[in-house]
Amino acid sequence: MKLLKLLTFSAVLTVCGQLKANDMTVTSPNGRLTATVNDDNGLTLAVSLDGKVLLAPSPIGLTLANGTAIGRDKKAGFGLTATMTDDTDAPFYRQRHIRTVGKQLDLKLGHGFGIQIRAYDEGVAYRFYTSNKRETIITDETADFTFPADSKCWLAYSTNDDKPFAMAFQNYYDETTLSQARDKYAFLPATIESGGVKVTILESDLRAYPGMFLKADGNSLKAAFAKYPKKMAYYQWRGMSYVAETEDYIAKTTGARTYPWRVMAVTEKDTEMPVNDLVYTLAAPNQVGDTSWIHPGKVAWDWWNDWNLKGVDFEAGINTRTYQYYIDFAAKNKIPYVVLDEGWYDSSKGDIMNPIPAIDLQGLIDYGRQKGVSIVLWTVFNVLDEHLEEACEKYAAMGVKGFKVDFLDRNDQTAVEMAERIAVICALNELFVDYHGYFTPTGMSRTFPNILNYEGVFGMEEARWAVKETDMPKYDVTFPFIRMMAGQVDFTPGAMRNGTKENWVVCYQNPVSMGTRCHQAACYVVQDSPFIMLCDAPTNYEAEPDYTKFIAAIPDEWDETRVLQGEIGKYIVTARRKGDTWYVGGQTNWDARTIELPLSFLGEGDWATDMLIDGINANHHAEDYRLDRQVHHSGETLSIKMASGGGFVLKLGKLTIVNHL
């Protein structure tokens with residue numbers, strides 16, 4: 001495969017300056033953010049904004065299996081600074097083009113290792129590297145993040161107390177202070193606020209290395225990593241593999257390489273958070289090459305609605321006739337994909353190479369092709385991996401366009417390697433992937449653009465089994481500010497049964513979302529998701545064709561994204577542009593609110609505005625909505641009411657006057 005060299009470097013090399021003994025600094029292009037490395041007593045990193053401490057001096061380093069302590073047993077050597085410019089197209093990302101400029105400090109640490117520290121206007125990042133060609137075994141990595149006393153934080157904890165590194169990376173955020181945080185491992189991202197400035201900890205370019213967890217310790221967050229698997233075992237159900245025994249180290253590699261970027265995104269306004277691009281820009285450039293065969297789009301989904309068709313003359317379920325109906329529905333609404341979720345093969349046997357007798361897979365693929373609808377297949381990660389080349393070759397030849405890959409549920413080194421291996425072989429067969437049951441993304445969709453989506457989010461599936469106290473509307477206006485900084489989300493929205501805070505009920509077979517119908521519709525604009533589900537049953541959508549047509553027509557690729565208003569945990573208003581048309585989506589928590597939306601972000605003139613807004617009775621009946629068309633001028637300010645758990649979507653198209661002579 002050809003490596004596309006999309007990253008350009010403009011380097012001005014100088015000897016690193018010393019502020020005081022053993023202080024080495026690099027400052028962002030705008031001069032506001034400064035990262036300071038010190039090696040007085042082991043390597044530490046500090047970060048300041050306009051001279052104000054964001055991150056106090058915090059230990060960083062690597063410990064090797066032979067006892068070598070990188071960053072602790074030798075002084076840092078000769079350092080160079082350089083200006084780094086990344087100017088690239090970003091297919092299927094929240095905006096079409098990205099340009100970032102940062103300053104880099106490169107220090108030699110001895111033993112063939114070094115460290116690169118970059119300061120951008122948007123944050124600070126660092127990574128270790130080695131020039132050694134022999135095998136390197138890392139027993140641990142030190143990454144402490146020490147913040148000012150009583151800093152506020154948002155942490156998503158592991159849901160597995162017995163095996164904290166083995167879980168689905170899905171949880172709501174504990175909004176607390178560092179000193180009061182639970183004694184539990186949290187997965188990334190983690191956001192910390194002090195003095196009105198937020199620092200969000202992420203990682204990028206995670207390859208052949210375990211992902212990072214954090215645990216609070218006083219005013220610090222200390223990194224932890226899953227150990228390298230020594231022995232694997234299988235759950236009988238789904239044939240899913242799990243780690244049965246581990247080595248006493250975290251990573252094992254051979255040859256010269258870089259290690260993952262540790263990213264601290266810095267934001268002074270909440271509206272800056274969902275559009276911070278550091279994770280994407282720090283990842284390795286495209287290794288797939290041509291992406292013209294990759295087509296994002298919406299997908300009619302079966303699992304969330306439990307195959308619940310009504311008013312049909314056949315028994316709905318995992319069978320050919322049911323999926324023909326899904327294909328017919330998708331074709332009518334110009335939805336390009338239908339996913340066959342769990343059940344199309346016997347998952348108890350891990351038999352991915354053979355569909356069950358009730359499914360005529362080739363017949364469905366051919367039927368869909370006639371109607372402009374393609375098929376995507378669900379599978380378990382390790383099951384696909386164990387049949388990787390033969391499965392990809394077989395199903396690509398049949399006409400399948402991609403896989404929804406599920407239940408990785410870990411981020412140790414071999415799990416990370418599996419995810420990359422699947423992306424590579426799928427790309428060679430022109431198959432895209434949707435990584436469900438997956439850890440928080442780390443920029444792999446830049447390196448492998450055929451990865452269209454990732455879960456790692458407390459998504460709509462939770463509504464099937466949540467308790468009434470679960471506050472999903474609050475989560476819906478929290479994770480775009482935190483989790484979405486890392487990349488796309490497979491949230492799977494589109495519920496047609498909707499409940500208010502008072503009347504929502506849990507129902508596994510006929511599930512209900514928390515919040516209004518318009519809150520659900522706004523997901524298609526607020527969320528970064530180029531491969532996004534319509535999660536409800538086709539017959540539920542067909543009962544409301546105008547609404548269905550509206551959400552199905554919302555674009556899946558964007559030229560530009562802005563967050564116009566918002567406050568983490570309260571509400572968000574996002575604007576996205578496709579060509580000359582703008583879409584604006586807004587969501588609120590359980591608090592009803594009215595926002596004032598200036599239209600000054602539009603170009604001059606009049607704009608035809610399709611408005612999907614909460615109905616007058618949406619506070620009592622969450623499915624109440626209004627869809628109408630108005631004309632507005634870019635100088636106007638719209639007053640928009642959102643019901644409790646509500647939302648809205650606007651589509652704004654420029655009106656032109658045509659003279660007829």
Side-chain angles (χ1 to χ4, degrees), residues 237-238 297-349 351-352 354-380 398-401 403-404 406 434 436 459-465 490 492-499 505-513 517 520 532-545 547-549 551-552 623:
W237 187 35
R238 296 192 177 110
K298 292 187 175 60
V299 52
W301 188 31
D302 51 3
W303 180 86
W304 193 82
N305 58 76
D306 206 31
W307 299 266
N308 258 327
L309 302 179
K310 57 188 177 184
V312 297
D313 59 359
F314 56 89
E315 185 173 347
I318 305 173
N319 57 55
T320 297
R321 186 65 190 90
T322 297
Y323 284 116
Q324 286 176 335
Y325 195 99
Y326 277 77
I327 290 169
D328 289 341
F329 161 74
K332 290 175 189 173
N333 291 281
K334 298 181 180 178
I335 297 168
Y337 298 107
V338 168
V339 65
L340 275 60
D341 213 286
E342 184 172 14
W344 72 270
Y345 72 84
D346 188 342
S347 56
S348 67
K349 297 178 181 177
D351 188 14
I352 189 177
N354 296 290
I356 63 172
I359 295 290
D360 176 7
L361 183 57
Q362 188 64 69
L364 286 173
I365 293 168
D366 295 341
Y367 185 76
R369 185 184 292 116
Q370 296 169 10
K371 293 175 173 284
V373 178
S374 298
I375 298 297
V376 175
L377 299 176
W378 174 96
T379 179
V380 172
M398 290 176 67
V400 169
K401 297 302 181 183
F403 287 109
K404 176 184 175 183
D406 204 351
D434 169 19
H436 210 67
M460 273 293 297
E461 65 184 51
E462 301 291 336
R464 294 189 73 175
W465 50 72
D490 190 16
T492 67
M496 295 294 283
R497 297 187 71 214
N498 318 107
V505 293
V506 63
C507 182
Y508 187 85
Q509 292 186 323
N510 203 3
V512 184
S513 74
R517 176 74 58 77
Q520 284 289 297
I532 191 166
M533 310 282 179
L534 271 73
C535 71
D536 221 315
T539 48
N540 288 344
Y541 290 118
E542 288 169 337
E544 299 189 43
Y547 173 86
T548 301
K549 181 180 178 181
I551 63 170
E623 295 173 13

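Remember, it's a predicted structure, so these values are computed and weren't measured experimentally. As a basis for the values below, the full set of heavy atoms in this structure was taken, side chains included, without hydrogen atoms, waters or symmetry mates. Residues take their numbers from the sequence shown, with the count starting at 1.
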Worksheet item: At their closest point, which heavy atom of A495 faces which heavy atom of C535, and how far apart are they?
Response: N-SG, 3.5 Å
Worksheet entry | Nearest heavy-atom neighbours spanning A330 and V338 | CB-CG2, 4.0 Å
Item to complete: Would you check if there is a donor-acceptor pair between the side chains of Y323 and W307 at a distance under 3.5 Å?
Response: yes
Worksheet item: CD of E342 to CG of D302: how many Å apart, nearest 0.5 Å?
Response: 10.5 Å
Discussion item. Please report the interatomic distance CD(E542) to CG(L309), rounded to the nearest 0.5 Å.
Written reply: 8.5 Å
Worksheet item: Going by the angle between their ring planes, with limits at 30° and 60°, are F329 and Y541 parallel, tilted or perpendicular?
Response: parallel
Worksheet item: Between the side chains of D366 and Q362, is a donor N or O closer than 3.5 angstrom to an acceptor N or O?
Response: yes
Worksheet item: Should Y345 and T379 count as side-chain neighbours, where that means a heavy-atom distance under 4.5 Å?
Response: yes
Discussion item. I'd like to check N305 versus N540 (side-chain heavy atoms, cut-off strictly below 4.5 Å). Are they in contact?
Written reply: no
Worksheet item: So which heavy atom on I375 is nearest to which on L361, and how close?
Response: CG2-CD1, 4.4 Å
Worksheet item: Is the shortest heavy-atom distance from the side chain of I356 to the side chain of I318 under 4.5 Å?
Response: yes
Worksheet entry | Distance in Å, Y326 OH paired with T539 OG1, rounded so as to fall on 0.5 Å steps | 7.5 Å
Discussion item. Please find the pair of heavy atoms, one from T322 and one from A316, that lie closest to each other, and give the distance.
Written reply: OG1-CA, 3.3 Å
Item to complete: Report the C-alpha distance between W378 and L340 in whole Å, list the side-chain angles of each, state the deciding distance to 0.1 Å, and finish with yes or no for side chain to side chain contact (heavy atoms under 4.5 Å, CB included).
Response: CA-CA 6 Å; W378 174 96; L340 275 60; over 6 Å; no
Worksheet item: Hey, mind stepping through L534 and Y337 against side chain to side chain contact (heavy atoms under 4.5 Å, CB included) and telling me if it holds?
Response: CA-CA 10 Å; L534 271 73; Y337 298 107; over 6 Å; no
Worksheet item: If you measure from OG on S347 to CH2 on W237, what distance do you get to the nearest 0.5 Å?
Response: 8.0 Å
Worksheet item: How close do P493 and M460 get, heavy atom to heavy atom, and via which atoms?
Response: CA-CG, 3.8 Å
Discussion item. Once rounded to the nearest 0.5 Å, what's the spacing between atom OG1 of T548 and atom CE of M496?
Written reply: 4.5 Å
Worksheet item: Are any side-chain N or O atoms of Q520 and backbone N or O atoms of G494, one a donor and one an acceptor, separated by less than 3.5 Å?
Response: yes
Worksheet, complete the sentence: Correct closest heavy-atom pair for D360 and T320 would be N-OG1, 2.8 Å
Worksheet item: Do the charged groups of R464 and D306 touch, with an N to O distance under 4.0 Å?
Response: yes
Fill in: Atom pair CE/CD1 of M533 and I335 - distance to nearest 0.5 Å
12.0 Å
Worksheet item: Is there a donor-acceptor pair under 3.5 Å between the side chain of R497 and the backbone N or O of N510?
Response: yes
